[in-house]
2 protein chains.
Amino acid sequence: MATIEDVARAAGVSKGTVSSVFSKKRPISKEVTERVLEAARGLNYKPNYWARSLASRSTRIIGLNIRGEPYRFGPFHLALMNGVLRVCYEHGYRLLVNTLSPGYLSQVENLASDPVDGEIILDPSAKGDARIEDRLASGTPLVVIGRPSAEHEAKVSYVDHDNAGLAAGVTRCLLELGHRDILFLNAPELRTVAEDRAHGYREAYRKAGLEPPPQRLLHKPERGTSSHQFGFDAASAMLERHPAITAVIADNEMMALGVYKAAESLGLSIPGELSVFAFSDDAVLFPELSPPLAGVRQHAEQLGMEAAAMLIEQLRSGNSAARRTLVPAELVPRASCSAPAVSPQSV
Amino acid sequence: MATIEDVARAAGVSKGTVSSVFSKKRPISKEVTERVLEAARGLNYKPNYWARSLASRSTRIIGLNIRGEPYRFGPFHLALMNGVLRVCYEHGYRLLVNTLSPGYLSQVENLASDPVDGEIILDPSAKGDARIEDRLASGTPLVVIGRPSAEHEAKVSYVDHDNAGLAAGVTRCLLELGHRDILFLNAPELRTVAEDRAHGYREAYRKAGLEPPPQRLLHKPERGTSSHQFGFDAASAMLERHPAITAVIADNEMMALGVYKAAESLGLSIPGELSVFAFSDDAVLFPELSPPLAGVRQHAEQLGMEAAAMLIEQLRSGNSAARRTLVPAELVPRASCSAPAVSPQSV
DNA sequence: TGAGTTTATAAAACCGGTTTAATGTGGGCT
DNA sequence: AGCCCACATTAAACCGGTTTTATAAACTCA
């Protein structure tokens with residue numbers, strides 16, 4: 001590959017001049033510019049990305065940090081990433097998906113600063129996320145998607161849904177239909193999103209003057225089982241043991257389908273004997289399920305766009321004030337939810 | 001941020017020695033190693049990624065190049081990326097998702113070599129893909145997912161499904177059920193995948209001793225409409241105008257759901273009056289649709305894994321021989337397909 | 001006309017690492 | 001003791017750009 005040196009020689013100018021022609025940081029006369037570009041074209045010269053990054057201390061790459069371990073993206077992350085990509089695309093940034101196995105990261109020979117200007121961190125942990133600690137310590141600009149734990153909340157910018165409010169909304173909706181014993185299959189414990197939703201779920205009961213039923217809040221394990229499998233297993237076990245349960249809130253679509261399957265295998269009709277609500281939505285898919293699945297339209301793409309825009313703005317301005325944006329989401333009731341067949345309490 | 005210089009000074013050794021401690025390229029005595037690591041820890045030193053990349057001419061980053069324009073990932077790309085990520089993860093590579101708007105790429109000041117060691121290119125164009133040309137010219141190692149156009153096929157490594165065979169299989173399956181007028185809503189034109197599937201579709205007719213019906217092969221436009229919308233629009237128009245059509249093959253799930261919707265709005269029952277087959281599959285989702293949707297299980301994750309493994313191996317060995325891997329896929333018939341209600345030809 | 005200022009380019013220092021060639025240093029062998 | 005060699009470490013060159021400082025030419029304006 002031709003270097004800036006070669007081009008300079010071919011055009012009969014100095015390195016600095018060639019650099020200026022490409023970076024436009026200093027005015028160069030029209031004729032010299034022409035001559036340099038000509039030479040560059042002839043040699044098929046392209047500035048070396050790393051050399052440029054090293055000298056200018058900027059990579060125009062932003063990182064997307066998902067939780068460690070052989071993690072797999074789901075539809076939610078997909079939509080989110082599409083949003084991030086779109087904003088990156090518009091602002092000339094590239095996106096680095098950061099999943100490096102802890103094994104690699106811990107080896108001395110792989111230890112290195114991250115090759116990004118800033119990072120978007122997903123699924124913050126409820127107990128002082130190590131990734132956030134690290135970025136704060138090294139001064140890497142960051143934006144979190146989802147509420148960070150209390151200790152970091154005032155220090156970092158983040159984008160989130162009003163998870164507590166949404167969970168309360170879903171729960172209230174079911175309570176108003178007459179359900180009293182609602183099973184909540186929540187996101188993995190130790191994530192703030194799970195905390196917030198659990199909080200909203202309980203709050204809705206209290207606001208309705210009811211006590212939340214005990215033992216009805218389960219968390220998907222951090223790993224070892226798929227959402228679909230967990231939905232099936234948990235719903236099967238709970239519905240069999242506690243026939244009083246008339247409704248289930250599932251963390252996402254796959255989990256909800258696991259619940260559908262469990263209901264089928266137990267001979268429970270939906271929504272006749274069991275109502276199901278998912279904490280996700282797909283305008284095309286959900287209506288086609290039988291029965292159509294009620295969900296929460298999360299606008300993950302919007303979440304991604306906001307986060308990326310926030311980060312890029314932070315990089316541009318150098319201002320790292322802790323901002324917060326809440327993206328609205330809507331409940332979308334569908335046929336999978338109805339009043340329970342037999343009102344358990346006819347007061 | 002502390003530099004290697006600072007660490008060297010603190011430990012009382014030279015830059016080169018510190019470098020060797022971190023890269024392990026040269027043996028350093030135990031005591032010196034200890035002293036250097038100690039100093040590094042004290043200064044919170046991490047080698048600078050860009051400087052290291054510049055000097056060693058390697059980034060340990062591989063690129064994933066999807067088609068330009070505000071492109072959006074779908075479930076297929078998601079699964080594929082999960083596969084790529086998994087292999088990257090295991091081999092200590094990072095993944096750079098490359099979508100830079102043509103506007104940015106064309107500006108002189110943004111012109112630069114790509115910051116990757118090698119690249120995975122998706123959805124090759126049927127007419128000499130410019131991205132492939134470019135990588136071949138600059139000598140960037142690459143692996144293509146999907147068959148490259150004829151002119152490149154012998155020069156690059158690629159991973160693919162047997163698209164022609166699969167399309168033939170789907171078509172034959174429908175022909176054997178008694179369908180004669182099958183509408184094929186294909187991927188966008190000018191992609192090799194569309195060519196191959198069209199070829200398989202026609203081939204199946206011929207092998208059955210039949211002529212493929214004219215005007216039954218439509219391509220989704222490259223942009224401007226979603227798969228779902230195109231499925232609905234195309235199916236609505238065609239089914240209304242040509243009542244002889246008794247089956248539709250749709251390129252993916254969203255398009256198939258568009259067909260479902262079209263059938264519903266025209267009052268056609270599935271599979272009674274119309275059979276539907278999708279060129280994608282989801283073991284959890286498809287069975288829950290009404291009726292359960294027949295599909296082609298593509299193992300996109302496998303595709304991604306193979307491609308990444310191939311590329312990383314190529315980087316390791318320096319051998320850029322053009323290899324090909326075909327990943328098997330299976331037809332999954334479900335209730336959306338059955339014999340046509342009235343055999344159009346009772347021969 | 002000549003001092004003062006602006007403008008275009010060149011030369012050199014720098015970014016933070018890796019790598020090569022040079023320099024000691026001590027051990028083994030005769 | 002003297003020679004050679006292996007080994008650990010250092011000094012310096014290098015990777016390919018950007019940026020600062022210096023210099024030469026051109027342009028004002030009294």
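Quick note on labels: first sequence line is chain A, next is B, and so on, each numbered from 1.
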Asker: Of the nucleotides C:dT9, C:dC15, C:dG17, which has the atom closest to the A:Arg57 side chain?
Answerer: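 Looking only at side-chain atoms, A:Arg57 lies closest to C:dC15.
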Asker: Respond yes when some side-chain nitrogen or oxygen of A:Arg52 is under 4.0 Å from OP1 or OP2 of D:dT18, and no when none is.
Answerer: yes
Asker: Thinking salt bridges, do B:Arg9 and B:Asp6 make one under a 4.0 Å N-O criterion?
Answerer: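 Yes, charged N to carboxylate O under 4.0 Å.
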Asker: What is the nucleic acid contact for A:Val13, judged by heavy atoms within less than 4.0 Å: base, sugar-phosphate only, or nothing?
Answerer: sugar-phosphate
Asker: Specify the residue among A:Ser20 and B:Gly16 whose closest nucleotide of DNA chain D lies further upstream toward the 5′ end.
Answerer: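 By nearest-heavy-atom nucleotide position, the 5'-most residue is B:Gly16.
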Asker: Would you please confirm or rule out a distance under 4.0 Å between OP1 or OP2 of D:dT9 and any side-chain N or O of B:Ser29?
Answerer: yes
Asker: Nearest 0.5 angstrom please: A:Leu96 CG to A:Glu119 CD, how far?
Answerer: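 The CD atom of A:Glu119 is 8.0 Å from CG of A:Leu96, to the nearest 0.5 Å.
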Asker: Could you check whether A:Arg57 pairs with A:Asp117 (Lys NZ or Arg NE/NH1/NH2 to Asp/Glu carboxylate O, under 4.0 Å)?
Answerer: no
Asker: At under 4.0 Å, does any side-chain N or O of A:Thr3 touch on OP1 or OP2 of D:dG16?
Answerer: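 No, because none of the side-chain N or O atoms of A:Thr3 sits under 4.0 Å from OP1 or OP2 of D:dG16.
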Asker: What contact category does A:Lys46 fall into here, base, sugar-phosphate, or nothing, at under 4.0 angstrom with non-hydrogen atoms?
Answerer: sugar-phosphate
Asker: Is it true that A:Arg135 and A:Asp114 have a side-chain N and a carboxylate O under 4.0 angstrom from each other?
Answerer: yes
Asker: Answer yes or no: side-chain N or O of B:Lys15 and base N or O of C:dG17 forming a donor-acceptor pair under 3.5 Å.
Answerer: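 Per atom types, the contact qualifies.
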Asker: Does a side-chain N or O from A:Ser19 land closer than 4.0 Å to OP1 or OP2 of D:dG17, or not?
Answerer: no
Asker: State whether B:Tyr45 places a side-chain N or O below 4.0 Å from either non-bridging phosphate oxygen (OP1 or OP2) of C:dG17.
Answerer: yes
Asker: Using OP1 and OP2 only, check whether a side-chain N or O of A:Thr17 sits under 4.0 Å from C:dA10.
Answerer: yes
Asker: Look at all strands and tell whether B:Val32 reaches a base, only sugar-phosphate, or nothing, counting heavy atoms closer than 4.0 Å.
Answerer: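 Counting heavy atoms under 4.0 Å across all strands, the contact made by B:Val32 is with sugar-phosphate only.
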Asker: Do the charged groups of A:Arg41 and A:Glu38 touch, with an N to O distance under 4.0 Å?
Answerer: yes
Asker: Nearest nucleotide by nearest heavy atom, which residue falls closer to the 5' end of DNA chain C, B:Trp50 or B:Arg26?
Answerer: B:Trp50
Asker: OP1 or OP2 of D:dT19 less than 4.0 angstrom from a side-chain nitrogen or oxygen of A:Lys25, does that happen here?
Answerer: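 Looking at the OP1 and OP2 atoms of D:dT19, one of them is under 4.0 Å from a side-chain N or O of A:Lys25.
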